[in-house]
Amino acid sequence: MTAPTIPRSHPRYRSLMVRSDLAEKMAEGLVVPEGLMAHGRGEAFDYLLGEKTTPEAAKAERAAAAHLLLARHPVLSVNGNVAALAAAEVASLSKSLPRLTVEVNLFHRTPDRARRVADALRQAGVPTVLGEHPTARLRGLASDRAWVDAHGILRADVVVVPLEDGDRAEALVRAGKFVISVDLNPLSRTSQKAQLPIVDELTRALRHIDLGILRMRRWEPSRISTVAQSVEAPEVLSSALRRIRVRLDRLAAPEPRRGSPRRAG
Ligand code: ATP
Ligand code: MG
């Protein structure tokens, strides 16, 4: 497939480039068609939120960094969209926190796709990738979605699930994991189930978590713990919804009409 030429001057240049990249990666078998639709849903919420990290999301990202620093077995779960959009950010995070296990976790699993996702991560510089040959199953999930690695997600205490499906996020919470989601939709079941929902775009969220880790990694655990405890899930979600409401209210406010008659006096 030949990529369309997108002029740099286009106001949505970045978004169009990402779409074209995802379409190519679908043709290569890294991303599934359903992944393109999930991306579109994310884009819609990014639009509503103003396409930048909100102060509440930044606070949740700092708290996520703190949880990862304090975790004994932190795991980052990666699906096709995450590998396509953010392999470089995943690699950087795994350098900043070498204890972080990176595991391929696919909703639409085939051995070929699992290998492609793992290859994309290795090419970007992730030294070890689990999940190509999963060895255990998560309870309460039917089909191939239940497969996980016994040395990865199964034994994890903290799991980051970017762009995860609600069913699996719920199964991870039931399995006793502390679940940190990255999902632009504050209404998705994943955001609603996670103990720490981050309502932000994936690459922005991963970069901020990375910076938080670099900033806090030499801190005393008690100080890191204060940052970890500083965020409550219900507040994160309601503040994202409030932001959308306030923004839409402002945008929908009628403009003062030009040429309307001046009041006398
Ligand atoms: P749920 O199953 O949790 O109710 P869902 O069915 O709406 O969610 P899924 O396809 O299961 O959606 O998960 C993908 C989620 O990822 C969507 O909620 C979408 O908003 C979000 N998303 C997609 N692309 C991005 C992105 N680049 N950054 C952050 N979030 C994204
Ligand atoms: Mg879903």
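What you are looking at is a predicted structure, and each value in this text was computed from that prediction instead of being measured.
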N/O donor to acceptor pairs below 3.5 angstrom from side-chain atoms of residues 218-227, sequence neighbours left out:
unit_1	atom_1	unit_2	atom_2	d
W219	NE1	R215	O	3.3
T226	OG1	S222	O	2.9

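Residue pairs satisfying the ring-ring contact (aromatic ring centres under 6.0 Å, His included) criterion with at least one member in residues 88-107, sequence neighbours excluded, are absent. Pairs of residues two or more places apart, or lying in two chains, that qualify as ring-ring contact (aromatic ring centres under 6.0 Å, His included) and include a residue from residues 164-192 are H67-F178. Within the structure, the ring-ring contact (aromatic ring centres under 6.0 Å, His included) test picks out no pair touching residues 27-62 (sequence neighbours left out).
Side-chain contact check for T54 and R243: no donor-acceptor pair (N or O, by modelled atom type) lies under 3.5 Å.
R145 pairs by the salt bridge (charged side-chain N to carboxylate O under 4.0 Å, His left out) definition with D165, D167, not counting sequence neighbours.
Salt-bridge check for R204 with E51: failed, with every basic side-chain N at 4.0 Å or more from each acidic carboxylate O. With respect to R122 and D119, a salt bridge is recorded, a charged nitrogen being found less than 4.0 Å from a carboxylate O.
At least one donor-acceptor pair closer than 3.5 Å links the side chain of R113 to the backbone N or O of L30.
Applying side chain to side chain contact (heavy atoms under 4.5 Å, CB included) to L206 and the options E61, E201, E89 leaves one that passes, E89.
When hydrophobic side chains of Ile, Leu, Val, Met, Phe, Trp and Tyr are connected at separations under 4.5 Å, V148 ends up clustered with V75, L138, L141, I153, L154, V159, V161, L172, V173, V179.
Residues L196 and V182 fall within the same hydrophobic cluster, defined by Ile, Leu, Val, Met, Phe, Trp and Tyr side chains chained together at heavy-atom separations under 4.5 Å.
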